[in-house]
Amino acid sequence: MLVSKYLLKTLRESPTGAELPSHIFLLRGGYVKQLASGLYSILPLGKRILTKIEAVIRDEMEKVAGQEVDLPLVQPAELWMESGRYGAIGAELLRFKDRSEHHMVLAMTHEEAITDLARYMLSSYKQLPFMIWQFKLKFRDEPRARGGLVRVREFVMKDAYSFHRDDADLDSYYQRMYQAYENIFARAGIKPIVVKSDTGIMGGKIAHEFMLETGHGEDYLIIAQDGSYSANQEIAEFQRVHTKADHLPLEKVATPGKKTIEEVSALLAVKPEQTMKAVMYEVEQDKKRMLALVLIRGDLDVSDVKVRNYLKVPWLLPAQEDFIRSFGLVPGYASAVGLAERKDLLVLADFSVSEGNNLVGGANEEGFHLKHVNFRRDFNTPHCGDFAKAQAGYLSPDGKSTLRAVRGIEIGNIFKLGTKFSESMGCNYLDESGKHQTPTMGCYGIGIGRLMAAAIENSHDEFGPIWPKEITPFHVHLVNIGKEPEVLETCAKLMQEWESQGLEVLFDDRDERPGVKFKDADLWGIPVRIAVGKKGLVEGKAEWKLRKDKEFSLVPTAELAQKLAIFYGRS
RNA sequence: CGGGGCGUAGCUCAGUCUGGUAGAGCGCUUGCUUUGGGAGCAAGAAGUCGUAGGUUCGAAUCCUGUCGCCCCGACCA
């Protein structure tokens, strides 16, 4: 490919709003162009990388016996009503009507369509297990797109779905897929951190996220210092430290105008970990709007994902003041003391308060708190659990190590879905004894564009991306220095020679100064740059420079082909 | 959804406060000179100042609506 004929445009300056290295370089290098918020046009250079990534993934999917399909993006709403997700998912699911007034959606993932296909195809246990997968556009009306290709609204995903007779078979296939993911990311030059994650609206039981650790990531990961534990912060567990003490008598104290933990603990001269707060949410259960009180020690934060999962509700809203007051509670002075008879409230107690003692809590009266509040004696609830958000510095779940927090970008995930979709959508098969059985499912996703962005976050310098060999847009970046006939002839000859050995060559044949060409070469990040100039050619040599290195070496032009073959493992 | 910011040439921005009819750098076109890390000189093309309405003799500038984009938040009582 000749640069002079290629649809490429590099920018000297970063476009406004780009902050992540991947966002900046994708725009500056001419890989993508933004069309609207969260919507990007992929330009020829970017498309080559996506195609390479897809080739790697296709290779690994075939190794785990995947069968590639292509399912519709536009789907009837009825399908999503069958699975129950039409009502469970919020505005992220784009709904519209077609010309004949049918309710339709743009698929944000393809469990429904796959299950529909499977219930048509599947009839006998002899067909199981199988895995179906695709590269397919998804549309998610994200509340806020950000970070270039990291969080967009329209994107291509590799989504795979497996069907099994039982959990044991799913478990063993899940392990194979786990390995396939390790392979894919390794081939993209990435060493992911694998964490346990929330299963969210997908349902299911166990899920893992493959995360790239980066200072710019939008997810927070909790990792034990000794490596024994890793999880997404949303669901990360930790061991609470409790003080042991005899229960002291309940005591009412005046705390006028003191509502926050800081104010109350300062006034009463106690540490925040000796206080209890009531974090209140508005939830909907059985079509009724309820107020949920989550009681937790003052120094801890609530994980709303843990609360949501415990209550099995699709969403939580922080309760507004007038909503709280409509239940007769006082914001700033709320607790569960004296509310035992209230059936209209959901009271949840984090282990930090159910196992702690002598805490300072609200008196449910404007301007008053209670000292020495104790679980069971002063308040009670059957809903005790882990509702606290893990933070750096806390003890790991086994208590043997300390947790640390890092930021990361999710580049892939694998789920054990179970029978959520196969059951609700009537997908079944006959076993050996002729009985109807419901297959158990797994699903496995990788965002292609996000992986391209992650590869840059993972591998770049101040001048541009440094592409790994397997996903580089071209194998060789050839540059002529000067317009002398012998230089141009040599370049043409070399290009033809390398292409005939199957290498992809980008030849910067433009009439530009060397500095311009080298800057662009850095933005395009091709692993090998070969520069041909009159000076070197006198000795029959050209410059060999790796993108990751600063220095070049002079190599006889006759040896370049072999050197390239070795570099790309094709010798 | 809430809060903040920004929309002026392909890109980055100045001009807006204090109203007087459009600017710079980069990029693009042409010519000459240059040629190893984003060259120099000269000439040139390019913007209904996001959009609609209002105020005014006169609006990029003031007012109102509207659309778009970016950032923060979506939670600790």
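This is a predicted model, so every value here is computed, not measured. Letters go in sequence order (proteins before strands), and every chain restarts at 1.
Put simply, CD1 on A/Ile24 is 12 Å from P on B/U12, counting in whole angstrom units. Taking atom NZ on A/Lys9 and atom P on B/C11, their separation rounds to 8 Å, with Å as the unit. A/Gln34 places its CD atom 11 Å from the C1' atom of B/G68, with the value rounded to the nearest Å. In this structure, A/Glu142 places its CD atom 13 Å from P of B/C70, rounding to the nearest Å. Per the geometry, CG belonging to A/Asp520 stands 15 Å off P belonging to B/G37, to the nearest Å.
Taking the six-membered ring wherever Trp is involved, the centroid distance between the rings of A/Trp498 and A/Phe567 does not fall below 6.0 Å.
Using a 4.0 Å heavy-atom cutoff across all strands shown, A/Ile261 reaches sugar-phosphate atoms only and no base atom. At a threshold of 4.0 angstrom between heavy atoms, the contacts of A/Glu262 are confined to the sugar-phosphate backbone, with no base atom among them. Among the atoms of the strands shown, base atoms are found under 4.0 Å from some heavy atom of A/Phe552.
In this structure, A/Arg547 fails the cation-pi test against A/Phe463, since its NZ or CZ atom is not both closer than 6.0 Å to the six-membered ring centre and inside 45 degrees of the ring normal. Cation-pi contact between A/Arg529 and A/Phe518: present, with separation from the ring centre below 6.0 Å and deviation from the ring axis of at most 45°.
Comparing B/U56 with B/C63, their C1' atoms are spaced 12 Å from each other, to the whole Å.
OP1 or OP2 of B/C13 has at least one side-chain nitrogen or oxygen of A/Thr16 nearer than 4.0 Å. Between B/A39 and A/Arg513, a contact under 4.0 Å exists linking OP1 or OP2 to a side-chain N or O.
Side-chain atoms of A/Trp467 and A/Ser459, non-hydrogen and from C-beta on, never get closer than 4.5 Å to each other.
Remark: the A/Arg529 side chain and the B/G37 base include a donor-acceptor N/O pair separated by less than 3.5 Å. Applying the 3.5 Å distance criterion, the base of B/G27 shares no donor-acceptor pair with the side chain of A/Arg28.
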